[in-house]
Amino acid sequence: MILKVVFLLVSLFTVGSALMVVTHKNLFSSALFLVASFFGVAALYVLLEAEFLAVAQVLIYVGAIATLIIFAIMLTRGMMSGRTSPRNDQAAWAGLASVVLGLVLLYVVVFRVQWPVVEKPVPPDTIEQLGRALVGRYVVPFEVASVLLLAALVGAVLIAREKEV
Amino acid sequence: MDTLLVLIPALPFLAFITIVLVTNHDKRLSASLTIGATALSWLLGWYFAFRALLHPEHYAEHPMAWTVPWFPGGHTVFVTGFQVDLLTAAMLFMVPFLCLLIFIYSLGYMEGDPRFSRFFAYLALFATGMLGFILADNMLLAFIFWELMGVCSYLLIGFWSFRKPGETHIDHAQVERARRASLKAFITTRVGDTVMLAGMVLLYAMTGSLRWSEVLAPHTLERLAEQMTQMPVFGDVRWATLLAILVFWGAIGKSAQFPLHVWLPDAMEGPTPVSALIHAATMVSAGVYLIIRTFPLFHVVAHGHNGAMWFVAFIGTFTALFAATIGVAQFDIKRVLAYSTISQLGYMFAALGIGAYVAAAFHLLMHAFFKALLFLGSGSVIHAMHHGHHVAHEHAHGEEDLGGLEFNPNDMRFMGGLMKKMPITAWTFIAGGLSLAAFPIITAGFWSKDEILAEAWHNGHMWVFWTLAVAAFLTAFYTGRQIFMTFFGEPRTEAARHAHESPKTMTYPLIILAVFAIAGGWVGIPETFPGLGPLVKGWFQSVMEIQAEALHIHMEPVPFNPVPALISMTMALGGLLVAWLIYGTRPLGFEDPLERPLNGLWQVLYHKYWIDEIYQGTIIAFAKWFAVFLYKVDDVWIIDPLVDKVGRFGRWLAFSTRRFVDEQIIDRLVNLTAWVSNVLGEWFRQIQTGQVQNYLLAIALTVTVLLLLTVF
Amino acid sequence: MVPLSWYLAVAAVLFVLGLFGVLSRRNAVAILMGVELMLNAVNINLLAFWRYTQPENVAGLVFAVIVLTVAAAEAAVGLALFIALYRLRESVNVDEIQLLKG
Amino acid sequence: MLNTLNVVRLLPELILLVTALVVIFVDLYARRRTALWLLPGVSIAGLVLAFVAAFAQWGAQEVVAGTLAADSFAFYFKLVAAVTVVLVILASVRYMRERTRFLGEFYAFLLVATLAVFVAVSATDLITVYLGLETLSIVSYVLTGFLRDDKRSNEAAIKYFLYGAVASAIMLYGFSLLYGLTGTTDLAEIARRLQAGDVLANLEWVAWPAVILAAVGFAFKASLVPFHQWAPDAYEGAPTPVTMFLSTVSKATGFAVMARVFLTAMPSLGEYWMALLYGLAILTMTVGNLIALRQTSVKRMLAYSSIAHAGFILMGLVAVTAPAGGHPFNGLDGVLMYVVAYAFTNAGAFAVVAAVEDGTGDATLDNFAGLIARAPFLAAAMLIFLLSLAGVPPLAGFAAKLFVFAPVVRQEYYALAVVALVNAVVAAGYYLKVVKQMFFVEVPERPAFAVARGMRWALWLMIIGVFGVGIFMNWFAFMSVRSAAGMLGL
Amino acid sequence: MAFFERWVLTIILFWPLLASLWVLLIPKEQEDRIRRVSIWMSVVPLVLAAVLFVDYGTRFLGGTGGIQYEVQVTWIPQLGASYHIGADALSVPLIFLTALLTTLSLYYSARVIKHRVKEYFFLFLLLETGMFGVFMALDLVLFYVFWEVGLVPMFFLIGIWGHENRMYASLKFFLYTLVGSVAMLLAFLALYFKTGTFDIVKLTEMRPFADDIVRASLVFFGIFLGLAIKVPSWPFHTWLPDAHTEAPTAGSVILAGILLKLGAYGFLRILLPILPSAFAYWGFLMVILGVISIVYGAFVCMAQTDLKRLIAYSSVSHMGYVMLGLGAAGVALTGSVPWLASKDSAALAMDGAMLQMFNHGIITGALFFLVGILYERAHTRDLTAFGGLSAKLPYYYGIFMVAGFASLGLPGLAGFWSEFFVFRGAFDIVRIWAAIGAIGVVVTAGYILWRIVANVFLGEFNEERWGNKLWDMVGYEKATLWPLILIMFFLGLYPTPLVNFFNSAAVELLTKAGFMF
């Protein structure tokens with residue numbers, strides 16, 4: 001019961017922040033709400049007993065991605081004060097599509113499908129198993145992900161670098 | 001020896017080829033080639049003809065023949081070749097001989113024509129066609145030569161669509177007339193030929209052959225006579241009847257019978273030797289020959305049911321009278337003869353229609369001689385008038401009053417009194433004319449025509465008899481009119497005054513022909529004719545009857561009956577007499593004495609019942625309109641509006657778009673597709689706004705819609 | 001225990017919120033934020049399914065880790081592109097770039 | 001755990017990785033003049049080695065480390081990718097030299113992209129599928145925006161990026177549903193679980209969403225309408241050699257992954273995804289062609305044309321069957337045939353565009369006028385490629401058309417066949433527009449121009465390829481039928 | 001001899017391709033050399049084709065008949081498609097016709113084409129290979145390949161060396177034909193799936209879809225569309241007037257002379273033997289389309305003022321006879337013609353159709369050459385601009401008259417035989433329609449004589465306009481025309497050699513299709 005209350009609070013916080021992310025006029029505030037939302041998601045992970053992922057979420061999303069985003073906002077700040085609307089012409093359509101899609105997803109995913117739920121505790125050695133999997137069965141994705149990160153980094157630097165001399 | 005048959009048509013053909021390819025520039029040599037080749041053909045032809053005619057019993061059953069396999073069709077092989085039986089022999093007696101005479105005549109007549117060599121080349125080609133036609137042992141080969149004649153006729157009628165000999169300037173009207181006449185001749189006969197082609201292929205399909213000997217074999221014919229076929233409109237028809245009528249249409253076209261007669265009078269635009277040879281003696285009578293040849297097919301169906309015979313008789317009889325009436329009101333010396341030819345051919349068909357096989361053949365031969373003679377005579381007259389006109393002009397007599405008419409050397413109103421100027425021509429012409437008018441006893445025409453009338457009377461075809469009798473009267477009348485207007489009285493123009501006799505190359509053939517025109521008929525005096533009959537014993541009839549027997553046509557000899565003979569004589573003499581009364585007894589002006597008294601009727605006749613105008617206004621107009629209509633459907637109507645639409649569409653598109661439209665889109669269905677594609681393409685193109693969020697919205701909407709569609 | 005469907009509901013809402021952000025924001029960086037929300041939603045899904053259906057099989061966790069990693073790489077490249085965009089045009093408003101269209 | 005044998009199976013990927021690193025090092029240490037030929041040289045050598053390594057293992061049929069398949073199907077795509085990237089590199093030597101300084105990075109990225117392709121086409125696990133595709137995408141974003149000082153290149157990359165990010169997120173959502181339903185990410189295992197009783201009950205509700213959402217990602221990669229809209233802009237803005245890559249290898253990867261996921265993981269959902277793809281195929285070929293009809297830039301026109309061709313490729317997948325005895329024309333072999341034919345042909349066409357851009361500045365239709373007089377070789381090559389695109393025998397495009405039309409006829413999908421027929425004609429219409437411009441229009445005032453050596457080689461190779469696939473159809477048929485048969489479990 | 005039998009077709013087939021590659025290697029400045037090489041190289045297949053004609057005629061005709069000189073090399077074993085070529089009594093004359101017209105066209109073009117010579121001769125030789133291939137192919141894939149190979153060079157010939165509106169015409173030509181050929185390809189695939197082979201000989205034995213008329217019809221119409229567009233039969237003809245009118249002279253000659261025949265050939269090689277039931281079932285439709293083509297084409301000709309366009313439309317009309325003949329044979333195949341008088345009728349109708357294919361090639365080829373000759377001088381194709389040429393250009397006039405008369409089916413010239421045979425067959429099988437078709441014969445005479453001859457050759461010569469601008473035919477023009485004219489004459493008088501070939505082919509095809517003689 002408490003879990004449910006906590007869950008509700010956390011998810012309200014997460015969803016509320018996310019709502020602010022996509023609606024707030026000020027980009028910088030949006031970014032901060034995004035960080036909040038990320039934290040909320042991390043809390044949900046904790047509720048799901050995936051602590052490792054929660055930590056990773058905080059590290060990567062908050063520590064890396066959100067920081068990058070905020071940096072990017074600073075770097076591209078020149079014209080982004082509130083003078084022009086933050087929303088484009090199709091916002092109404094976007095809202096409609098999102099709402100309908102959300103309703104459909106909710107209807108199907110949440111209410112219709114009987115997911116094959118099993119009441120099992122999380123094995124205590126989950127993190128160890130995760131580690132084994134990443135160098136065992138999932139070694140290739142793991143390696144490829146590292147290549148990807150390297151390539152993305154090089155690429156980002158290449159593209160974002162100041163103009164040539 | 002029979003292989004030499006090939007040479008008869010081949011020699012003139014070789015002459016043609018040689019002239020066209022080699023000797024075109026040497027007029028004399030070209031003419032000599034044609035005449036030489038034809039002379040050889042003539043000798044060969046007479047050799048075969050007399051061989052056959054002297055042993056009629058043998059050759060009627062077993063014609064001299066030369067054959068060669070032609071082509072396979074399915075599982076049967078078509079054999080072709082040449083043959084001489086008695087009927088062919090009779091034609092072979094006449095055709096090469098006439099050809100030769102007329103070719104010689106042409107030497108003088110065409111003197112000075114810039115395309116002299118080509119003229120003789122065409123003549124040679126024509127000789128090939130006619131000789132091949134009569135010799136052919138099957139219908140297909142005959143058809144080939146038949147059409148070859150048609151082409152020569154076309155080429156020769158239009159020969160002066162360029163320039164006449166001796167003319168210093170081009171006569172535009174003359175050129176145009178010749179051009180139209182040649183076209184008309186070819187296309188009109190083509191109509192008949194196409195029907196005939198249909199008949200021929202059906203005959204071929206039904207019998208599996210086109211060889212005379214096989215198609216006309218009794219058992220084949222009986223089968224055709226028994227089997228019925230379903231026709232639209234006409235219901236059940238016997239095959240024999242249907243085939244016969246279809247084939248007969250070929251003859252209607254070629255022999256200028258009503259309603260396809262219109263080309264022949266116009267064909268007189270050709271040089272006169274051509275008129276004499278092709279449009280009087282040989283080609284036009286080829287139609288008659290064809291029907292005589294296929295007569296068993298017509299004859300096989302029992303009397304009461306015989307639609308084919310009836311049809312032939314009707315067309316022939318009607319045409320005989322119809323053309324004769326028109327002949328009465330014509331002024332052009334050749335046109336009168338042309339209508340007379342149509343009329344006389346009608347006689348022959350009428351004869352065939354009532355079953356007078358021998359009489360038709362006889363009239364065919366006799367007519368060839370005297371009509372050729374008449375045409376050559378008229379050619380001589382025209383030649384003389386032409387020169388006379390020139391001489392008169394040189395002597396500067398000033399403008400002559402021609403009653404408001406324009407001078408035309410063919411017009412009989414401008415002649416008169418030529419007897420004194422050109423006696424040979426005049427006497428031979430009169431000989432031919434009398435023969436045509438069937439002047440009793442002495443002329444060939446009398447014997448042949450009398451026999452037809454006798455048969456009609458004897459067989460009880462009274463309507464045929466009386467119609468033909470009236471036609472005979474008219475024939476005699478217009479022949480007399482022609483003779484009196486041309487040769488008697490006083491010259492009515494300077495041209496006639498200055499006319500003089502033609503050169504010997506022209507007159508000698510006239511003389512020879514005159515002999516035949518008179519005496520030729522004596523071989524066919526019926527045995528039963530009182531007095532003369534036993535002398536000759538109806539030699540021609542007996543020969544032809546042998547031929548008929550060989551074809552299983554049983555000929556009852558016609559007993560002599562004085563009633564039709566007297567009527568026939570009365571008509572001939574009466575017609576001449578009336579003509580003399582009207583045209584011979586007083587000086588003539590530029591107006592016909594009958595023109596006023598007959599008034600309305602005269603106009604009808606003068607304008608040939610307006611048949612040409614009717615055709616022009618209906619069938620031809622419709623064909624032209626239809627052609628243009630279809631073309632517009634094809635190319636104009638369905639395109640243009642579309643182009644319009646596309647053009648309007650293009651205006652609001654970008655420049656490049658418009659250029660694309662202009663360049664690419666000018667067609668119907670494909671263009672419609674292109675048009676639709678372009679519109680849609682442009683529309684889709686506008687979806688590609690360049691705004692990535694629009695694209696993303698598209699994804700979102702697509703996914704949403706798809707989910708909605710599939711989940712619910 | 002919290003029912004699975006609650007997590008799924010939160011994820012779905014987060015997903016469409018992110019989508020809405022992507023579709024409606026003009027600023028490229030804001031759009032990227034929307035994308036990140038969507039990825040987070042997916043991760044919630046993955047982890048929830050892992051937890052409720054196959055907790056002993058770590059595939060869901062691995063998947064989530066990979067998604068995290070990829071998201072980082074993606075963000076890096078994306079932001080670099082935005083910076084280049086800003087350098088070229090002094091603006092990162094996505095609805096203003098439409099040189100390429102039609 | 002990895003054993004030695006498995007490492008051999010991963011040899012092509014490893015070679016590419018090492019080559020990419022070597023290229024970076026060469027770039028760091030070689031002098032620029034040397035680098036100009038050494039970089040492409042090393043890259044090509046690496047690709048050739050990878051090709052050999054892949055070819056040597058042709059016929060293998062096993063799963064490496066649980067997530068990658070070493071089967072003919074994968075090798076087939078690897079071979080095609082390796083060859084095509086070689087051509088791309090040859091075509092880009094001069095093009096890129098004149099446009100950027102970062103040549104080492106460029107070739108390295110191409111190699112990494114190829115590596116991603118290698119991973120994606122052999123992925124047998126949703127995780128590797130996602131990762132492979134996403135790696136390919138991210139590297140492609142970089143490649144597309146490689147000319148970072150070029151507005152168009154940048155714009156293209158941003159659009160591509162945003163589109164790709166969203167599409168992959170949607171796909172992921174779909175994957176998560178699949179995972180939730182079956183509790184596994186392994187494709188074969190998913191297929192097995194989908195047959196299980198408790199799952200079957202839920203299929204009614206999950207099948208469509210899972211298929212549709214997952215298909216979005218594949219459709220994005222393969223640029224199927226209506227998930228194609230990034231493609232024209234990205235293709236146009238990207239450096240042309242990159243366009244060559246995107247329109248051939250990247251697209252082929254989309255199909256490979258789609259085929260593998262659908263066929264391995266969801267054979268029991270065949271009627272769902274086939275119906276979806278049926279519709280997408282019709283839409284794709286029609287819309288692609290119709291818009292292509294209205295283009296004035298040859299590059300953009302080819303972009304749309306390649307969208308339309310995706311529709312044709314899809315026909316093979318729509319009509320996929322598993323005929324007894326492993327006969328040809330099972331549909332999947334059509335996809336494979338098309339991919340190889342299309343690789344040579346479309347890469348060739350874009351290569352010519354690149355050469356024309358090099359020679360004249362840009363690639364509007366107008367700039368192709370009278371090309372036969374100005375650069376006869378280019379014109380002739382373009383003609384061959386365009387005819388091949390139009391499906392004229394004996395060129396590669398004909399073989400491809402034959403193999404995708406065939407299964408449609410076999411399945412008696414008449415509507416699809418008729419639509420495809422009409423589209424083939426519409427497509428020929430705009431190809432001929434270019435031909436017309438090159439050959440029929442004469443503009444004597446325009447100067448002739450030369451073609452770079454690398455480009456010349458690339459073009460020759462592609463011409464040979466186009467004729468080769470068409471005339472020696474049997475070899476390629478053999479390979480594609482074998483690969484397809486393996487995939488279909490025959 | 002064995003060598004000859006095995007290789008002759010392959011050599012004929014690929015010789016022009018080799019020649020075209022040789023031409024490609026000659027620098028484009030050496031125009032004379034290009035011309036010489038092309039012409040002389042094209043003589044080789046001509047001679048071989050003539051030898052083939054004689055050889056087949058003496059050794060097989062009337063004896064074994066059938067497909068000879070067969071070569072079968074596996075090509076795509078997976079599909080059962082092979083390089084399978086051969087020639088029978090139908091294709092041998094057509095191969096000869098192709099070789100002849102190509103050589104003449106090259107010879108004529110050598111004097112006329114002065115612009116982009118190398119490309120021209122390259123494409124022309126390539127085209128020849130395509131045409132040969134269609135006439136030889138015994139495998140559907142191979143057939144399709146060559147079918148399309150012929151399409152491309154013609155597209156260029158029209159587009160580069162054509163007249164004012166050439167781009168439009170070439171595009172239209174290409175797209176139209178493509179629609180048909182793709183449909184055909186689909187139908188080929190359907191045949192494949194039914195039988196598992198693309199081999200025409202095997203397919204003929206198997207007779208797929210014999211008991212499934214719905215599917216058979218579907219396949220039939222797929223192929224039919226491809227062929228009918230090529231023939232072209234009404235209402236698929238609208239590409240033809242534009243293509244013919246805009247093509248360069250030699251292009252028109254080949255287009256009318258050979259390319260149209262490819263369509264008709266397909267009917268005989270593919271549709272009839274493989275799908276006899278559908279062919280019979282839809283024979284009547286072909287009859288109707290044929291008759292409409294004949295009459296419609298002829299009437300449209302009457303309304304033309306453009307000489308070349310007129311002759312183009314006349315092709316629609318004349319190819320209608322082919323359709324009529326084929327359709328009639330099809331109707332006869334149904335066995336439900338109660339009034340059929342002679343079993344030979346079906347064969348004769350087909351003989352006619354085949355003869356028409358050959359004759360139309362010769363005659364219309366000649367006519368297009370003649371129009372081209374006039375156009376070279378006058379630079380207009382407007383009929384009404386001329387007049388009186390018979391006197392100024394007598395040689396030209398003579399040759400034109402022969403060709404014109406042959407075209408209108410004058411007995412004694414080649415064209416007659418085809419009409420005669422077609423009508424001979426059709427009148428026995430589809431009487432009423434044949435009778436309607438016969439109207440076309442009259443109208444044909446009308447447009448040849450009334451539109452062309454009367455306008456161009458008769459009448460008055462416009463001295464002011466033409467003066468010395470028109471001159472009579474010169475040596476090379478005569479040399480181009482004479483072979484055709486001689487063939488017209490020869491076949492007109494003695495069609496036997498050709499009929500022997502075609503009749504043997506017709507009997508064989510009909511027997512195979514199940515017709516009981």
Side-chain angles (χ1 to χ4, degrees), chain A residues 18 22 48 53 65 69 72 76 88 90 94 97-98 100-120 130-165, chain D residues 1-2 6 10 13 17 20-21 24 64-68 100-102 105-106 108-109 112-113 115-116 119 122-123 125 127-128 130-132 134-136 138-139 141-143 145-146 148-149 154 157 173 176-177 180-183 185-186 193 196 198-199 201-206 208-209 213:
Chain A
V22 296
L48 283 167
L53 258 292
I65 298 178
I69 286 176
T76 61
N88 56 18
Q90 60 171 14
S98 306
V100 175
L101 184 65
L103 290 176
V104 173
L105 287 180
L106 282 175
Y107 176 76
V108 173
V109 174
V110 179
F111 295 107
R112 278 294 157 190
V113 184
Q114 304 294 314
W115 299 100
V117 175
V118 287
E119 296 287 338
K120 273 189 218 164
L130 180 61
R132 281 180 190 283
L134 283 178
V135 293
R137 180 177 157 86
Y138 297 105
V139 64
V140 176
F142 189 65
E143 296 298 329
V144 173
S146 60
V147 173
L148 169 62
L149 276 175
L150 178 66
L153 225 65
V154 174
V157 170
L158 187 87
I159 288 174
R161 240 188 355 192
E162 270 305 315
K163 225 179 171 78
E164 311 288 319
V165 276
Chain D
M1 282 292 125
L2 283 174
N6 279 344
L10 290 175
E13 286 83 354
L17 187 58
L21 294 173
I24 298 277
V64 184
T67 53
L68 284 188
T100 181
R101 234 164 42 80
F102 305 108
E105 285 84 349
F106 180 76
F109 272 109
V112 174
L115 171 62
V119 171
S122 45
D125 191 288
I127 296 171
T128 21
Y130 170 71
L131 187 64
E134 203 60 13
T135 309
L136 175 57
I138 290 171
V139 177
Y141 307 149
V142 176
L143 284 169
F146 208 84
R148 61 205 197 101
D149 299 324
N154 179 256
Y173 196 90
S176 76
L177 294 185
L181 194 65
T182 59
T185 53
D186 185 78
R193 289 282 297 146
D198 55 333
V199 174
N202 285 309
L203 271 187
E204 184 195 350
W205 293 102
V206 186
W208 271 119
L213 295 175

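Here the structure is a predicted model, which is why all the values come from computation and not from measurement. Each chain gets a letter, A, B and so on, in the order the sequences are listed, and its residues count up from 1.
For chain A, no part of Y130(D) is nearby; none of its heavy atoms comes within less than 4.5 Å. Only the side chain of D125(D) comes within contact range of chain A, with heavy atoms under 4.5 Å apart. Contacts of V147(A) with chain D are made by side-chain atoms alone, with heavy-atom separations under 4.5 Å and no backbone atom involved. Residue V108(A) touches chain D through its side chain alone, counting heavy-atom pairs closer than 4.5 Å. With a threshold of 4.5 angstrom between heavy atoms, I138(D) approaches chain A through side-chain atoms but not through N, CA, C or O. When heavy atoms are compared at a cutoff of 4.5 Å, A156(A) does not approach chain D at all. If you measure heavy-atom distances from I127(D) to chain A, the contacts under 4.5 Å come from the side chain alone. When heavy atoms are compared at a cutoff of 4.5 Å, V109(A) approaches chain D solely by way of its side chain, counted from C-beta outward. Proximity to chain A (any heavy atom under 4.5 Å) is shown, for I24(D), by neither the backbone nor the side chain. Contact of T100(D) with chain A is not made at all, since no heavy-atom distance falls under 4.5 Å.
The backbone N or O of T67(D) lies less than 3.5 Å from a partner atom in the side chain of T128(D), making a donor-acceptor pair. Judged by distance alone, the side chain of R148(D) and the main-chain N or O of I159(A) form a donor-acceptor pair under 3.5 Å.
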Just do the side chain to side chain contact (heavy atoms under 4.5 Å, CB included) check on L148(A) and L131(D) with the steps written out, would you? CA-CA 9 Å; L148(A) 169 62; L131(D) 187 64; 4.2 Å; yes
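When each of V104(A), V144(A), V118(A) is checked for heavy-atom pairs under 4.5 Å with chain D, V144(A) comes out on top. For the options V119(D), V206(D), V112(D), L181(D), heavy-atom pairs under 4.5 Å to chain A are most numerous at L181(D).
Side chains of E105(D) and V142(D) form no contact here, defined as non-hydrogen atoms less than 4.5 Å apart. Inter-residue side-chain proximity for W115(A) and L177(D) is flagged as met; some heavy-atom pair is nearer than 4.5 Å.
Here the CG-CZ distance, from L105(A) to F111(A), works out to 12.0 Å after rounding to the nearest 0.5 Å. To the nearest 0.5 Å, atom CG of residue L158(A) and atom CG of residue L153(A) are 11.5 Å apart. For the atom pair L17(D) CG and L150(A) CG, the distance stands at 9.0 Å (nearest 0.5 Å).
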